[in-house]
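Positions are given from 1, in the same order as the sequence printed here.
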Amino acid sequence: MKIDFASSKQSTLGVEWELALVDGQTGELASVANEVLSGVVAKHPELNEDDEHPHIKQELLLNTVELVTGICETAADAKEDLSRSLAAVREITDPMGVEVFCAGSHPFSPPQLQPVTDKARYAKLIDRTQWWGRQMVIYGVHVHVGLDRREKALPVLDGLVNYFPHFQALSASSPFWGGEDTGYASHRALMFQQLPTAGLPFQFRSWDEYESYVQDMFTTGVIDTLSEIRWDIRPVPNLGTIEMRICDGLATLEEVGAIAALTQCLVDEFSTTLDNGGSIPTMPPWHIQENKWRAARYGMEAIIILDAAGREQLVTEHLLETLNRLEPVAAKLGCPDELADVEKIIRRGAGYQRQRRVAAEHGGDLQAVVLDLVKQMRNGPTG
C-alpha cells in the first residue's frame with residue numbers, strides 16, 4: 001500500500017479541543033450536541049441545515065462538541081481561532097442553560113448512560129468494542145504540526161514519544177470516574193488505550209514499514225479507514241502533519257495555547273535536527289510504556305525515564321530544563337508567551353491536582369468540581 005504524505009508548511013499548527021456540555025445548575029452531562037450544532041449552523045446563512053460547521057464538529061457522544069482550528073502560524077493564532085468558535089457555541093448554549101467545560105473525564109455522570117451520536121461509524125465502534133466503547137466518556141486536546149516532507153514524519157513521532165510523560169503530566173485531568181477517585185492523575189490515558197489501534201504508537205524504521213503495517217490492518221479487517229489508527233501520536237498523511245493526541249482535556253484556553261506551543265516547538269526542534277543531518281534518539285518500548293503508566297498514575301510527581309540508558313528525573317524538573325532549551329525556538333516561532341505558560345501549569349498544578357483540591361474544599365462534592373471547571377472555562381485558570 002502506497003500512502004502519500006501531503007506537503008505542509010513546516011511547523012504550521014492546528015488544534016482540536018473537545019468540550020463537554022453540562023447542565024448549568026447540576027453539572028450533569030447534557031446530551032444536546034445536535035441542538036447546539038444545528039444552532040451554530042443556523043447562524044451561518046451560507047450553510048445548509050445538513051452542512052457541518054467548518055470549526056465546530058460532532059463527536060462520538062451527544063454530550064460533546066469539538067472545536068477545530070484552521071491552519072495557524074502561531075499558538076496565539078490558534079487560541080484566537082478557538083476563542084471565536086467557543087463564543088459561537090456560547091451564543092447557542094447560554095440561552096439553553098447549558099455550560100461547557102473541558103477535562104479528561106466527567107467526575108460523576110455515569111458513563112454507560114451517555115447517548116452515542118447517531119452515525120454508522122460510531123455505531124460500528126460501539127458494536128465492536130462493547131463495554132469498553134461505552135465507557136469512552138473522555139475528552140482530549142489534539143495538536144497537529146505541519147511537516148514539509150514525509151521523511152520527517154516517523155523520526156518526529158519518535159521524538160515526541162520521548163516527551164510522552166511530559167504532555168501526560170501537564171494535561172492529566174481525569175482523577176475521578178463515575179463518582180470515585182481512581183487514584184490516577186489520568187484515568188483517561190488508560191481507558192482510551194483499550195480501543196483497538198489506540199494507545200502508544202508502534203515505531204518504524206522506514207515509511208515502507210509503516211505502509212506495510214497499514215496494509216496489514218486493512219487486510220485483516222482491523223480498520224476500514226486510516227483515521228481508525230488512533231495512536232496517542234500519529235502521522236496524518238492527508239494533512240501532512242504529525243498529530244499529538246496524548247493530552248487529557250485542558251480546562252482553559254491559556255493551557256491549550258501552552259500545550260500547542262510546547263508541541264510546535266518540539267516538532268520544530270526535531271525538524272531542524274533532521275535538516276542538519278542529525279538523528280533523534282529513541283528508547284526501548286518498555287521504557288516508553290513505563291513512562292506512560294507513571295505519568296498517568298503520578299502526574300506531576302512522576303519520576304520518568306529519560307533515555308535508553310535508564311537515567312531518571314522528576315518530570316517537572318525535566319520540563320523546566322526543556323522550556324529553557326526551547327526558548328530560542330519559541331522566539332523564532334512567535335510563541336514565547338505561550339511556551340512560558342507551561343511553567344504556569346507547573347506552578348499552579350495540573351488539572352487533576354486542582355480538581356482534587358476543589359473536592360477536598362467541598363467535602364468531596366464532585367458537583368463543585370464540575371462547576372469550578374465551568375468557571376475556569378469562562379474566566380481562565382484559578383489558583
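Within a 6.0 Å radius of NZ in Lys57, more than 12 heavy atoms belonging to other residues, nucleotides or ligands are found. Within a 6.0 Å radius of CZ in Phe202, other residues, nucleotides and ligands contribute 12 heavy atoms or fewer. More than 12 heavy atoms of other residues, nucleotides or ligands sit less than 6.0 Å from atom CD of Glu361. Open room surrounds CD on Gln289; 12 or fewer heavy atoms of other groups in view lie less than 6.0 Å from it. Within 6.0 Å of CD on Glu301 lie no more than 12 heavy atoms contributed by other residues, nucleotides or ligands.
Tyr184 and Ile304 are assigned to two separate hydrophobic clusters, defined by single-linkage of ILVMFWY side chains at heavy-atom distances under 4.5 Å. Leu314 and Met300 fall into different hydrophobic clusters, where Ile, Leu, Val, Met, Phe, Trp and Tyr residues are linked whenever their side-chain heavy atoms come under 4.5 Å apart, directly or through other members. Residue Leu82 is not grouped with residue Ile71 when hydrophobic side chains (ILVMFWY) are merged at heavy-atom distances under 4.5 angstrom, including chains of intermediate members. By the rule that hydrophobic residues join a cluster once side-chain heavy atoms approach within less than 4.5 Å of another member, Ile346 and Ile246 end up as members of one cluster. With hydrophobic clusters built from ILVMFWY side chains whose heavy atoms lie under 4.5 angstrom apart, Val68 does not share a cluster with Leu37.
Side chain of Ser171 to backbone of Asp248: a donor-acceptor contact under 3.5 angstrom is found. Under the 3.5 Å distance criterion, the side-chain polar atoms of Asp94 are left unmatched by any main-chain donor or acceptor of Gly97. For Ser8 (side chain) and Gly240 (main-chain N/O), a donor-acceptor pair under 3.5 Å exists by modelled atom type. A donor-acceptor pair under 3.5 Å links the side-chain atoms of Gln367 to the main chain of Thr26, judged by distance alone. Counting only distance, with no hydrogens or angles, the side chain of Gln355 and the backbone of Ser173 share a donor-acceptor pair below 3.5 Å. A donor-acceptor pair under 3.5 Å is formed between the side chain of Gln353 and the backbone N or O of Ala350. No side-chain donor-acceptor contact under 3.5 Å links Asn276 to the backbone of Gly278. Between the Glu338 side chain and the Gly257 main chain, no donor and acceptor come within less than 3.5 Å of each other. Under the 3.5 Å distance criterion, the side-chain polar atoms of Asp23 are left unmatched by any main-chain donor or acceptor of Glu28. Between the side chain of Ser38 and the backbone N or O of Asn34, at least one donor-acceptor pair lies under 3.5 Å.
A salt bridge links Glu80 with Arg84: at least one charged nitrogen is closer than 4.0 Å to a carboxylate oxygen. Under 4.0 Å is where a charged nitrogen must lie from a carboxylate oxygen, and between Arg150 and Asp4 no such pair does. Salt-bridge formation is not detected for the pair Arg245/Glu16: no Lys NZ or Arg NE/NH1/NH2 atom is positioned less than 4.0 Å from an Asp or Glu carboxylate oxygen. The residues Arg188 and Glu18 are annotated as not salt-bridged, no charged nitrogen and carboxylate oxygen being separated by less than 4.0 angstrom. A salt bridge links Lys292 with Asp232: the distance from a Lys NZ or Arg NE/NH1/NH2 to an Asp or Glu carboxylate oxygen falls below 4.0 Å.
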How far apart are the C-alpha atoms of Gln193 and Leu200, what are their side-chain angles, what is the distance that settles it, and do they pass the side-chain contact (heavy atoms from CB on, under 4.5 Å) test? CA-CA 8 Å; Gln193 70 184 15; Leu200 288 167; 5.7 Å; no
Stepwise side-chain contact (heavy atoms from CB on, under 4.5 Å) test for Phe270 and Val156: CA-CA 6 Å; Phe270 299 145; Val156 167; 4.0 Å; yes
Please determine whether side-chain contact (heavy atoms from CB on, under 4.5 Å) holds for the pair His53 and Lys43, giving the CA-CA distance in whole Å, both sets of side-chain angles, and the decisive distance to 0.1 Å. CA-CA 10 Å; His53 189 281; Lys43 295 278 187 179; over 6 Å; no
Give the intermediate values and the outcome of side-chain contact (heavy atoms from CB on, under 4.5 Å) for residues Thr197 and Arg234. CA-CA 11 Å; Thr197 72; Arg234 66 182 181 182; over 6 Å; no
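Arg354 places none of its side-chain heavy atoms less than 4.5 Å from the side chain of Leu373. When side chains are defined from C-beta on, Thr12 does not count as touching Val145, because their heavy atoms never get closer than 4.5 Å. The shortest distance between side-chain heavy atoms of Gln264 and Val143 does not fall below 4.5 Å. Side chains of Leu262 and Phe167 form a contact here, defined as non-hydrogen atoms less than 4.5 Å apart. Side-chain contact between Thr241 and Leu147 is absent, with no heavy-atom pair separated by less than 4.5 Å. With a 4.5 Å cut-off on side-chain heavy atoms, Leu21 and Val100 count as touching. For the pair His144 and Thr69, the minimum side-chain heavy-atom distance is 4.5 Å or more. The closest side-chain heavy-atom distance from Met377 to Leu19 is below 4.5 Å.
Separation of atoms CH2 (Trp17) and NZ (Lys79) is listed at 10.0 Å; rounding is to 0.5 Å. Note: Leu160 CG to Thr263 OG1 = 7.0 Å, rounded to the nearest 0.5 Å. In this structure, CG in Leu86 is found 11.0 Å from CD in Glu91, a value given to the nearest 0.5 Å. Distance check, rounded to the nearest 0.5 Å: CZ of Phe176 to NE2 of His187 gives 13.0 Å. In this structure, CG in Leu326 is found 10.0 Å from CG in Leu319, a value given to the nearest 0.5 Å. The structure places CG of Asp158 at 10.5 Å from CZ of Phe204, a figure rounded to the nearest 0.5 Å.
Aromatic ring centres of His106 and Tyr139: separated by at least 6.0 Å. Here the two rings, on His166 and Tyr163, have centers that are under 6.0 Å apart.
Judged purely by distance below 3.5 Å, without hydrogens or angles, the side chains of Asp77 and Thr74 pair a donor atom with an acceptor atom. Using modelled atom types, one finds a donor on one side chain and an acceptor on the other under 3.5 Å when comparing Ser186 with Gln168.
Pairing each heavy atom of Gly249 with each of Val141, the nearest pair is CA-CG2, 4.4 Å. When all heavy atoms are compared, the tightest approach of Leu154 to Ser206 is CD1-O, 3.3 Å. Considering all non-hydrogen atoms of both residues, Val22 and Phe101 come closest at CG1-CE2, 3.5 Å. The two residues Pro155 and Lys152 come nearest to each other via the heavy atoms CD-O, 3.3 Å. Taking both residues in full, the closest heavy atoms of Val370 and Pro107 are given as CG2-CD, 3.6 Å, listed atom of the first, atom of the second, then distance. Across Tyr352 and Ala185, no two heavy atoms sit closer than the pair CB-O, 3.5 Å.
In this structure, Trp293 and Tyr298 have perpendicular ring planes: the angle between them is above 60°, well past the 30° mark. The aromatic rings of Trp207 and Phe5 sit perpendicular, their planes meeting at an angle over 60°, well past the 30° parallel limit.
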